[in-house]
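Both ligands and their constituent atoms are indexed starting at 1 by order of listing.
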Amino acid sequence: MFKCKITKKKIPQIINFGKMPIANGFLNKKDFKKEFFYNMGVSFSKDVSLMQLNNHPKPEMMFNANYPFFTSSSKFMKNHFKNYANWAKRKYVKTDNTKIIEIGSNDGTFLKNFKKKNFQHLGFEPSKNVSEIAKKNGINSITKFFNRTNLITFDKFVNKTDLIFGANVVCHIPDLLEFILTCDLALNENGKIIFEEPYLGSMYKKVSYDQIYDEHIYMFSISSIKKIFNIFDFQLIDVFPQNTHGGSMRYVLGRKKTNVNKKINKWLEIEKKENIDNISGALEFKKNCELSKEKLQYKLNNIKKKGKLICGYGATSKSTTILNYCNIDSKIIDCIFDTTPNKIGKYSPGMHIPIIDYKYFSKRFYKYAFLFAWNHKKEIEEKEVSYLKKGGKWITHL
Ligand code: SAH
Ligand code: TMP
């Protein structure tokens with residue numbers, strides 16, 4: 001039994017994915033022996049409809065000066081954040097002097113769109129390397145975690161912030177209650193919290209269990225967000241599905257007095273019908289994960305038996321879950337091609353598959369390429385258009 005991080009009640013473990021390294025812990029050969037591992041299991045709290053990781057490394061082990069993920073590494077995501085900003089300006093910016101905060105602002109890709117006279121902005125970004133890049137681009141990036149202690153020093157933003165934004169970050173915050181209390185402290189009476197995160201319903205549908213890794217402590221649904229924020233002076237007022245990261249949901253929260261969009265009720269009914277708000281969905285998902293693992297191992301072993309070579313494409317944090325859960329090492333996948341300078345030349349966490357500059361992908365032919373960055377499929381297939389023509393085949397676990 002484990003404790004629900006919100007209600008503190010005991011809840012059962014649903015799936016055990018086994019021993020896992022740090023998902024973004026790409027490493028050099030000399031560091032193989034001292035690599036850190038933890039046991040990755042998930043449980044489900046029926047009270048708040050929440051899927052959570054049971055154990056995870058401390059945030060400081062993941063979000064530090066070596067954080068290897070840069071939002072701007074995807075053209076598609078850059079464009080997505082531009083649209084996200086324009087949408088928010090149209091819908092929620094009412095005053096001339098709008099104060100906004102972004103949490104997990106990374107290299108400043110989103111906040112760049114608010115570097116205008118009529119906005120005052122702050123980005124909380126604990127990972128020093130990405131935060132420094134944002135600063136160089138003129139973003140007021142604070143190299144700290146978003147919590148009350150760190151917020152209070154910016155009195156212009158205490159009780160006066162209009163909008164708090166986030167993307168792919170709220171699910172990274174172990175102490176969600178502290179996160180909500182910090183939002184409460186920052187926001188004015190009409191303030192809104194707007195964030196988007198991978199959606200539990202999409203993960204169930206696709207059996208994309210690779211969304212589960214150390215940084216993703218929670219897999220949210222509309223039901224869970226509604227229930228958790230209801231504990232405080234907030235309520236869910238609107239939702240907008242997104243096609244990013246394999247299926248995400250954008251949530252808008254306001255104070256309890258704010259009008260609620262009626263469409264939320266329809267969504268809640270769907271989540272009930274599809275067992276997204278209760279434990280049956282989680283149990284079904286467990287079975288599907290086990291099946292997916294068997295199928296993938298069978299598929300890869302068959303390719304190897306035929307003497308064909310397999311490479312990976314996109315050394316994503318998600319790939320760490322697939323490789324370690326399914327026990328796929330460099331005897332099966334020779335190498336993984338990637339664009340990220342911090343990953344190139346290193347080895348994948350746990351399974352130690354070499355990471356190679358994507359420039360060599362078109363020069364060395366692999367009959368099969370495992371698309372770990374499946375959520376960037378369109379962008380990558382466009383970039384590597386000659387691969388199929390040469391007879392290459394993209395594969396995934398999905
Ligand atoms: N929002 C960006 C980055 C997502 S990666 C995007 O969607 O592309 C998650 C980011 O959140 C990392 O840069 C990490 O350093 C940061 N982060 C993690 N925990 C945080 C916290 N408690 N407060 C603020 N930022 C945090
Ligand atoms: P993500 O799934 O967490 O967004 O990580 C994407 C990874 O894929 C990151 O390491 C960069 C890599 N990548 C490529 O190698 N080529 C590409 O065209 C894109 C979009 C990403």
Side-chain angles (χ1 to χ4, degrees), residues 23-24 26 58-81 84 101-111 122-131 133-134 141-151 164-176 178-179 182-183 195-198 208 210-211 213-217 242 244-246 248 250 312-322 336-344 346 348 355-359 361 369 371-384:
N24 256 321
F26 294 86
K58 288 211 161 63
E60 291 77 6
M61 285 183 77
M62 300 177 278
F63 310 120
N64 49 41
N66 300 314
Y67 192 62
F69 175 78
F70 298 77
T71 304
S72 60
S73 69
S74 159
K75 262 200 229 150
F76 175 83
M77 287 310 288
K78 265 166 64 176
N79 198 36
H80 170 76
F81 282 114
Y84 183 3
I101 291 181
E102 192 196 358
I103 312 150
S105 39
N106 199 269
D107 56 12
T109 302
F110 177 72
L111 282 180
L122 271 190
F124 281 86
E125 178 42 74
S127 299
K128 189 162 180 236
N129 57 334
V130 287
S131 178
I133 292 176
S141 182
I142 314 302
T143 311
K144 285 186 176 155
F145 287 95
F146 180 69
N147 55 37
R148 282 175 293 175
T149 313
N150 293 332
L151 172 78
I164 296 177
F165 289 103
N168 311 301
V169 61
V170 179
C171 70
H172 295 55
I173 304 178
D175 192 349
L176 266 188
E178 172 63 25
F179 164 71
T182 313
C183 292
F195 60 87
E196 50 186 48
E197 306 287 313
S208 47
D210 49 330
Q211 290 288 8
Y213 55 90
D214 49 17
E215 292 180 27
H216 290 178
I217 295 165
Q242 305 293 315
T244 47
H245 292 295
S248 299
R250 181 178 297 165
Y313 200 110
T316 57
S317 20
K318 295 190 292 292
S319 67
T320 298
T321 299
I322 306 174
I336 305 175
F337 293 97
D338 197 276
T339 50
T340 319
N342 291 25
K343 296 181 187 174
I344 295 165
K346 292 189 178 158
S348 76
I355 313 300
I356 296 186
D357 192 329
Y358 83 108
K359 281 188 290 199
F361 179 67
L371 187 57
F372 290 117
W374 54 268
N375 48 318
H376 299 290
K377 185 169 189 268
K378 199 161 163 259
E379 185 169 346
I380 291 173
E381 285 186 353
E382 274 168 21
K383 199 188 293 178
E384 304 293 356

Discussion item. Can you see whether F361 has K383 sitting over its ring - NZ or CZ less than 6.0 Å from the centre and within 45° of the normal?
Written reply: no
Practice prompt. Pick one of side chain, backbone, both or neither for how F110 approaches ligand 1, counting any non-hydrogen atom pair under 4.0 Å.
Written response: neither
Discussion item. Could you check whether any side-chain N or O of N64 sits under 3.5 Å from a backbone N or O of M61, counting only pairs where one atom can act as donor and the other as acceptor?
Written reply: yes
Worksheet, complete the sentence: Counting from 1 in the order shown, the ligand 2 atoms closer than 4.0 Å to a non-hydrogen atom of G314 are 8 (O)
Item to complete: Any atoms of ligand 2 less than 4.0 Å from a non-hydrogen atom of H245? List them with their elements.
Response: 4 (O)
Worksheet entry | All ring pair (Phe, Tyr, Trp, His ring centres under 6.0 Å) counterparts of F165, not counting sequence neighbours | Y84, F110, F114
Practice prompt. Measure from atom 24 (C) of ligand 1 to every heavy atom in I103, N147, N24 and give the option owning the shortest one.
Written response: I103
Worksheet item: Quick one: does ligand 2 sit under 4.0 Å from the side chain of F76, the backbone, both or neither, non-hydrogen atoms only?
Response: neither
Worksheet item: Is there at least one pair of N or O atoms, one from A167 and one from ligand 1, spaced under 3.5 Å apart?
Response: yes
Worksheet item: Who's the nearest protein heavy-atom neighbour of atom 1 (P) of ligand 2, and how far?
Response: H376 NE2, 3.9 Å
Practice prompt. Measure the distance from atom 15 (O) of ligand 2 to every protein heavy atom, then report the residue, atom name and distance (to 0.1 Å) of the closest one.
Written response: T339 N, 3.1 Å
Worksheet, complete the sentence: Nearest heavy atom to atom 5 (O) of ligand 2, choosing from L371, T316, I380, N375, belongs to T316
Item to complete: Please state whether M77 comes within less than 4.0 angstrom of ligand 1, counting heavy atoms only.
Response: no
Response to the item:
Any heavy atom of F179 under 4.0 Å from ligand 1? The part involved is neither
Worksheet item: Can you tell me which residue and heavy atom of the protein come closest to atom 26 (C) of ligand 1, and the distance to 0.1 Å?
Response: P126 CD, 3.4 Å
